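Worksheet: the structure to be examined is printed underneath.
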Amino acid sequence: MAGGVLLEVRDLTLRFGGITALGGIDLSIAEGETLAVIGPNGSGKTSLFNCVTGLYRPTSGSIALGGESLLGLSPDRVTARGVARTFQNLRLFLHMTVLDNLMLGRHLHFRKSLLDAALRLRGEELRHRARVEEIIEFLDLEAWRDSRVAGCSYGVQKRVEMGRALATEPRLLLLDEPVSGLTAEEKEEVSYWINEIRGRFGVTVLLVEHDLRVASRLSQRMVVLDRGLKLTEGTPEEVQRHPGVIRAYLGDQ
Amino acid sequence: MTGSPAPAVLAVSSIETLYLDRIYALSGVSLELREREIFAVLGPNGAGKTTLLKTIAGLLRDQPKKGTIRLDGRHIERQQPEDVADAGVVFVAEDRGLFRELTVAENLELGMWGKPRRQAREDLERVHDLFPRLRERIDQQADSLSGGEQQMLAIGRSLLRRPRLLLLDEPSLGLTPEMSKLVFEALVQISQAGTTILLVEQNARLALRVATRAAILETGRVVLTGTPQELSEHPDVRDVYLGIGAAATEGKSFRLYRKRRRW
Amino acid sequence: MPSLLQYALSGLSAGSLYAMVALGLVLIYRSTRVLNFAHADMATVGTFIAFSMIRSGVPFWLALSMAIVAGSAVAVVFYFAALVPAQRKGANHLGQVILTLGLALILQGLTVYQWGAEPDRFPFPLSDTAVFQVGPVFVSELSLGTLAAAATASLVLYLLTQKTRLGLAMRATSENLQAAQTLGIPTRGVLAFAWGVAAALAVVAGVFLAPVLLLDPFFMLDAMFKGLAAAVLGGLNSLPGAVLGGLLLGVAESLGGAYVSLEFKTSLAFILIVAVLLVRPEGLLGKEFQERV
Amino acid sequence: MALRFLAAGLLTLFLLGGEARAAPVPGVTDTEITIGITGPLSGPAAAWGTIALASEAYASYVNQQGGVHGRKLKLVLKDDGYNPGRAVANFNEMKDQVFAVMGTVGTAVLNANKDLVADAGLPLVYPLGNVQVFAKQPKEKVRTVFQAYPDYTDETEFLSQQAVKLEGVKKLGFFGQNDDYGKGGLEGVKKGLAKTDAKLVAEVFYEVTDRELGTQALKMKESGAEAVILYATATHAAGLVKEMAKVGYRPKLFAAFTLYDRDTMFRLLGDLWEGAYFDAAIGLRGEPAADKVIEIVTRIDPKLKGREGFCVQGVADVMMLVEGLKRAGRDLTREKFIAAMETIKDYDGGGLYPPFSFSPTRHHGLNAVRLMRAGKATDASVKQITPWQVFPGHF
Amino acid sequence: MDLVESYREELRFARKPLGRALLILLLVAAALLPWWGPRAWLTRASLVWLFAVGVIGQNLLIGYAGLISFGQAGFLAIGAYTFGHLRIIGVPFPLALAGAGGAAGLAGWLVGFPSLRLKGPYLAIATLGFGTATYQIFANVEWLSGGRAGLAIPPLQAPFGLLRDTWVYLVYYAIFLLFTGTAYNLISSYLGRAWVAVRDSDIAAESMGVSLARTKLLAFAISSFYTGVSGALMAQYLGHLEPQAFNISESMNFFVAVIVGGLASVEGSIFGAAFVVLVPALLGDLRWAVPVLFGSAILSVLILEPLGLAGLWLKTRLYFRLWPFR
């Protein structure tokens, strides 16, 4: 694996009232790596994401990106440091077009001048539009560019969500269940794109996934969570052999 | 397949449902459910599965635009949801439609709305027997239940209405495999006790295991109907829904699929 | 010290008036998520009806009952004739709020047309000026009556919503309309009932306020805004919160007016509310359902 | 490009040729004189709207009697809801279409329209609002205004002195509306008390939107005032008196002329109003001149029954206007009307108000009140304490 | 079918030639109203323009950024009084107008802070408190409000021998155009996008790098800038200021205008402003019925067309676009 450690999470604990959502999680991702976090519902996967992106304030522990702590930063500052995410149940801006959703991903990089905005000077807009078009082309979204997101199919919405996160030019991309609710065919497509993102945009990916097959094919390493605790960690093969995983997770098979 | 076909409990015939007056969510769907059947509807997201259930339950105002829905021969299309519910159709939504701020007991109580006390009490016993876990949690807030228990509560509550037809939207969503198994076993018991079930499910494998018949819905049309046996053997179903076809290659190479016309 | 007590008591008696208004507002907000701007005008219409009947010799309690029925009828008609069709057309919460504003204007116009805009005194069985003296402090019959009425109203509402099947259905409907519909609960009826009860409450509040504030078509406007503020202070979906908020607001206003600045007494009360909200954004006893990420 | 030229061309054309204005005498035809009123016909101040309705009723009485010089009076009523912005728009619409405007309600309305009235040369008869609005204007800008309202400061100066004189009050409290009206009143009280040994011990104000006046009443009680000057609307004054009684405090009451309507006050306060002193600026029900006009307008518009106090005011407005129109003669213009109004001398409307006079140097024709005292609640009786006190006009 | 040849072209104001020509025609016709319309209606029309500026401001806040304010009367008063004081010390009209907007904008920025924590009705009450407090300050602090006599504002002098009504109309119209155009520009910029994003899902917006604090505060500041300018125009219009003109019912008027016109629609705001100004005037002769008809108008607009007048307008436009085929 290339590069040093990008994201370093140490002893991360999150409690709501009496419930412990995360109990001392350690994990680290190297630059350029794809790490999958798996586990059943309620195991704390999404809570982990919310802590990293600043939506939740952890009870204790540390989170650092490239050596700098992310603790206490508001979500938009975290994104400005280079962490982007998608949401499990899609949080798109339903009243905006696909294009506008992606342009919003560029918001961070806009030179914000009220005067330009008021006078309709749109140099910045055009500059960022060029970047967004690259993403539109990459994700095959040309046909939906000017459609309202609310009217697009679920598969397209998932892609827009991914594209929007990509538009922020992240160093670390957090994908929350990117293939849930897709058909096997769509799953293949999305898997292809996730793989490509790493190659083409040089982005490190942290993935939360329910679907063990997809997760193990996409990632180099996996972390298994169960009820807020880290059950095990290792290569997909190692993880699949772990008895606890088989019991808690693959009981079906 | 039975020799002489039992009379249809639910007969949906070429219904069309539109969103915003112009987008076709369902275009000409027909189904027939017989007594004590578990009928599974499979399909990708956005195919119109939930829309189908909501249309039947009367939750989409003035829909279906065309076509008829009959329950035991009585027309129930384009009616108020309360009236459809009174006719004997109960819909359990994907979010399970629980009243999260109320307790388990209160949720169950609401399921008995308008039912005679005696009958309701017997039914409540039966629900407790079917899902013993609910009895343990009777005074807890519904919000504090686990996903599986919530699903049990939702199904249990709907049974108190003594439904003729039960509509279930993604009952396995967000459940651990063990829980899903428990819930689906209960479904079989329910159907054997006389309730017909129409089930929408993402998890094709699980659904085909309990269903008596199933259909595949894509872009608002039924493209395949058959017994679980027939569907499991269909190459495209194996490929796309069960992920065990030739195309689902193992290993770390990915093929970018181009849309191709199936069926 | 006696004057502090007297101010506090005066605040309590004003606060119980606010609490009565707040209770009705909370009931509607809880069940429909709509802020009812017509609350004051429903109350006014009902109070005027009671007034006319008492004037023409109808006994007080009968007049009050008839006025409650009339007020509820207005609310139920409004629910079926305006809110339901608007919801069918997909009006959002804000749109529904404005609908109540429209109703408020209509009722206001009709009241002025029917009864004129000149103030009048409302005949009430309890006297506002007959006072009991307890040590250095004066209490009027009517103040005690109002406090008692607010307490009774909140108790009755509490029992209704927490202890009856209908109340259960109201809570269920307010939380998840679709689920309630699919369970065969007559949601339209339940919501119409909620509007009716709220209007009845409004009329009762109006009848208790009228002898204090003097009756004219606009006599409830100030109380309405204070009641709204009280409801928010207590938490918009909490019935006990409405009572607590009303009493707190009344006392804060009175003490602020007495010891800080009479001119700014309303502002002082609002500053208190904003301060409370900044610490507890859902009000003192409120609980808004949290969105999950 | 072509469009732009076209637009520019059109613009010049209009600039050169436009702005034509006509109408020989606005609002006057062979058979009709149109008079405008803008008033609070709706909204929280709608009670004042009764004045305009009474004016309308009395105008139709005048028409039944044959009108003025063969012309009928036609009153155009416009609603401003007590909002000066809407009143400005109403004035603008009326200024070229009516002969004169009368009986507007509210100081803010006058303030917002005073320049417009002067610029348009629009006669404004008997506006109800602070006299100082026009007193502060240069003489040439009030040429068309004819006011007969008492000045607030003059009135309270008189009222406070009477309190000391009649009841030997040493400590006086003031309760007023927190605006121009109440503050004008307070100024007069201070002026009046300066000449006596009594002290002003409380200045308590309320907002128009306030209805719950418990705190105000307690403040007043704490000050220990022996008498309270009420400079408020009927509703607020009654509210305060009730709240004061509620804490066992019953000071002597001295009320402004806006509370002169004995029926309203007795209706609101019952026996609490007994013994209260109050000013009156025009006739009261129970006096022959007032009873006569009340009978007339309530016959024409039965809805006015129960609002007799405001009726008298509405009639007084029309009477003054008609007197001017009569003197102006058949050949009516605004200039002639103004000149005719300036010749009015010692006119008393059949006893409805004290004699008033206008002249080219005096357009505030009447500035007078008298002190009354409320009697028994059972018969709503009142009696006059002082004769008319006539103060000098302010402009 | 119209082809867009470049992204730059796509960003233009009115893209189609026909649309642009119609728009210019409409604008010119409105500018020439003093020469063809009934003179009596001129001031009423000026009132519409000044209201429209405020309503657009309010709509930017409610409709676009999804934040609610019942305190508009407060911003209106701050704008009006700042303007008044500046004019009295001899500041020229445009500068005084900018000062009024600036002062109100600053106040809006401050009031925006609670909006970072409060939502919906809770925010509404907090802003209502601001409106009430502002009113009480102006009613009680004499050096601010000009004391008993109120604040007299010097009238606008008309140049080129125009009538004053005409000049006021033209000035108000020009300011209205300026602010409407700016509003269109703002909502199509990065800022407008951020507002809508925050309205639709604040969590997602934040996760995309949109600073909630900055966006919401800007929404409040810009919205109150508009409202302040509207207040200044109101002050000039009245020529005289008293605190009573800025009570709660003024806030309600703006609110009604926004909803009746249509949320998140600039043209809707203009319709809404026209509605609240013109309907009571048109119904003026019906007296007591004014509130009843006004209320019924609100009810029928909302029951028949929840998207407000702008929705009706959209449907009409759609109808005519498809006209021969429908």
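The sequence lines fix the lettering, A, B, ..., with proteins before strands; numbering per chain opens at 1. From a predicted model like this one, the values you see are computed outputs, not experimental measurements.
Taking CZ of Phe91(D) as the reference point, atom OG1 of Thr43(E) lies at 12.0 Å (rounded to 0.5 Å).
Side chains of Ser230(E) and Leu76(E) form a contact here, defined as non-hydrogen atoms less than 4.5 Å apart.
The stretch residues 23-36 of chain E participates, sequence neighbours left out, in no salt bridge (Lys or Arg N to Asp or Glu O under 4.0 Å) pair at all.
For chain E, the nearby parts of Asn178(D) are the backbone and the side chain; heavy atoms of each come within less than 4.5 Å. Contacts between Asp80(D) and chain E at a heavy-atom distance below 4.5 Å are absent for every atom of the residue.
Taking Tyr135(E) as the reference, nothing meets the ring-ring contact (aromatic ring centres under 6.0 Å, His included) condition, with sequence neighbours excluded.
Comparing Val277(E), Leu238(E), Ile153(E) by how many heavy-atom pairs each has under 4.5 Å with chain D, the most go to Leu238(E).
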